[in-house]
Protein chains: 2
Amino acid sequence: MNTPFSIIIADDHSMFLDGLTSILAEEPSINIVLTAKTGTQVLKYLRINTEEKIDLVITDINMPEMDGVELNAAIKEEFPKIKTLVVSMLEDAKKIKTLTEANANGYISKNAEKTELLKAIKSILDGQNYFSPRIKQVLMEAMFSEKSEPEIALSKRETEVLKLIAQEFTTQEIADQLFLSKHTIESYRKNLISKLGVRNLAGLTRYAVEKGMLD
Amino acid sequence: MNTPFSIIIADDHSMFLDGLTSILAEEPSINIVLTAKTGTQVLKYLRINTEEKIDLVITDINMPEMDGVELNAAIKEEFPKIKTLVVSMLEDAKKIKTLTEANANGYISKNAEKTELLKAIKSILDGQNYFSPRIKQVLMEAMFSEKSEPEIALSKRETEVLKLIAQEFTTQEIADQLFLSKHTIESYRKNLISKLGVRNLAGLTRYAVEKGMLD
DNA sequence: TAATTTATCACGGTTTTCCGTGAAAACAAA
DNA sequence: TTTGTTTTCACGGAAAACCGTGATAAATTA
């Protein structure tokens with residue numbers, strides 16, 4: 001029998017962390033060296049224990065302080081030999097794309113079965129990447145839908161003005177706040193309306209709220 | 001030693017379900033008789049296996065088909081002897097309140113530690129309800145904040161008009177659609193603005209979007 | 001360097017919203 | 001049955017938003 005693989009698990013939900021640990025503790029070939037609730041904890045550990053050979057880091061995406069996307073990037077930057085497997089609640093195409101670009105070795109959903117989790121871990125430890133069929137599909141769909149919805153790019157100022165508009169400030173008030181002419185703000189308003197393809201203030205506000213630009 | 005307690009676990013995320021099962025499988029006093037991904041599965045099982053004595057159902061809130069809130073209500077209705085423990089990602093005051101009103105026996109967050117989970121289970125099987133300090137706090141805050149924010153009640157027509165306003169229709173257009181005078185719609189607009197405590201169309205739109213009145 | 005985008009400003013005219021101040025009829029609740 | 005709420009309608013004036021049609025300078029990008 002070979003020496004077991006050393007892995008680290010990061011997830012901010014204790015119960016999920018404990019659950020995952022329980023599942024993997026049953027595997028004789030796996031040795032859990034650390035469980036953490038934030039990405040920073042993981043990084044700190046890796047930086048201190050540089051002599052210890054870690055094979056795999058399993059991480060959630062949504063975590064406080066440093067999320068899974070950032071953690072993955074940091075690991076690939078500082079410790080390129082360590083493999084990463086992202087386990088997430090959401091099937092967010094953009095995040096998955098970012099992760100693939102940052103060379104994450106795998107991505108599975110929390111909807112995935114235990115057997116799929118083990119399969120993913122085995123594949124990755126074996127040197128292969130693992131992205132579940134479901135995830136591949138989401139990625140593909142994102143590729144195509146991306147073209148149909150061409151991602152409207154707003155400049156810094158436009159974003160700033162839009163936020164204020166959606167916060168119920170009038171053109172004059174925004175002009176005063178930003179020390180600009182009210183004509184300028186009117187221009188932005190017009191551009192935003194045509195850029196975003198909406199009809200009026202209501203449309204602008206909806207856009208801002210739905211894109212999570214407020215708060 | 002007494003006979004072990006029989007419990008059912010419901011959660012739509014396989015991995016969490018497996019994790020929880022792993023954790024509880026280590027407990028000799030606990031016997032997991034079923035794991036399910038929807039509330040309907042649980043109910044179906046209970047209705048068929050009426051002779052089997054089930055002590056506790058552990059359920060997530062967010063599930064397809066029948067969520068945890070509905071499942072809890074149904075269990076308390078049909079099988080009042082069965083205890084329920086809700087385990088959820090979110091600390092949503094309203095849902096917690098609904099659950100307490102529907103006599104759920106416990107509520108803990110997925111952020112809770114394994115020890116707290118076990119404590120909650122033991123308490124409930126012992127005949128006591130368990131709501132974590134964190135949850136109690138959220139509930140209290142909700143009670144108070146509820147008074148400061150007195151739940152604005154909109155009439156049917158007001159809701160209808162607000163939706164259309166937020167969908168970028170002008171007063172005249174709305175009047176035409178509803179076969180009403182434009183003065184009427186203007187009245188609604190004014191009332192909505194003062195009722196909701198906002199300043200203008202942007203505020204109305206934000207309210208509508210944030211309350212999920214569209215789509 | 002040339003071309004493009006971004007940020008800024010201007011004006012007149014039209015439409016829409018906003019505000020105050022009503023009021024009448026229908027309906028529900030106390 | 002009186003009181004309150006909802007739904008409906010009206011007018012005039014002020015304020016703001018919307019539309020078209022510009023322009024200049026700075027910053028970025030190709």
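These numbers were taken from a predicted model, which means no experiment stands behind them.
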With B for base contact, S for sugar-phosphate-only contact and - for none (protein heavy atoms under 4.0 Å), nucleotides 17-23 of chain D reads SBBBB--
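Distance CG (A:Asp176) to C1' (D:dA16): 14 Å, rounded to an integer number of Å. In this structure, B:Leu180 atom CG and C:dA25 atom P are separated by 18 Å, rounded to whole Å. Atom pair A:Arg157:CZ and D:dA26:P shows a separation of 16 Å (rounding to whole Å applied). We find that CD1 of A:Ile174 is positioned 15 Å from P of C:dA7, with the value rounded to whole Å. Atom CZ in A:Phe179 sits about 18 Å away from atom C1' in C:dC9, given to the nearest Å. The distance from atom OH of A:Tyr188 to atom P of C:dC9 is 9 Å, rounded to the nearest whole Å. C:dA10 atom C1' lies 11 Å from atom NZ of A:Lys182, rounded to whole Å. At whole-Å resolution of the value, CG in B:Asn191 and P in C:dT17 are 16 Å apart.
Between A:Thr184 and the phosphate of C:dC9, there is a side-chain N or O to OP1/OP2 separation shorter than 4.0 Å.
Between the side chains of A:Tyr45 and A:Glu52, a donor-acceptor pair is found at a separation under 3.5 Å. For the residue pair B:Lys76 and B:Asn105, a side-chain donor N or O sits within less than 3.5 Å of a side-chain acceptor on the partner. If you check the side chains of B:Ser14 and A:Asn111, you find no donor sitting under 3.5 Å from an acceptor. Judged purely by distance below 3.5 Å, without hydrogens or angles, the side chains of B:Glu186 and B:Thr171 never pair a donor atom with an acceptor atom. Looking only at atom types and distance, the side chain of A:Glu116 has a donor-acceptor partner in the side chain of A:Tyr130 under 3.5 Å away.
The one candidate from A:Asn200, A:Leu201, A:Leu162, A:Val161 that meets the side-chain contact (heavy atoms from CB on, under 4.5 Å) condition with A:Arg189 is A:Leu201.
Residue B:Lys156 is the one, among B:His183 and B:Lys156, whose nearest nucleotide of DNA chain D lies closer to the 5' end (criterion: closest heavy atom).
Annotation: cation-pi geometry not satisfied between B:Lys110 and A:Phe16 (NZ/CZ under 6.0 angstrom from ring centroid, within 45° of ring axis).
With D:dA10, D:dT7, C:dC9 as the candidates, the nucleotide lying closest to the side chain of B:Ser155 is D:dT7. Checked against C:dC9, D:dA10, D:dT8, the side chain of A:Ser181 finds its nearest nucleotide in C:dC9.
Applying the side-chain hydrogen bond (donor to acceptor under 3.5 Å, both in side chains) test to B:Lys53 and every residue at least two apart in sequence or in another chain returns B:Asp55.
Axis angle across the helix from C:dT1-D:dA30 to C:dA30-D:dT1, with five pairs used at each end and values rounded to 10°: 70°.
The CG atom of B:Leu46 sits 6.0 Å away from atom CD1 of B:Ile75, with the distance rounded to the nearest 0.5 Å.
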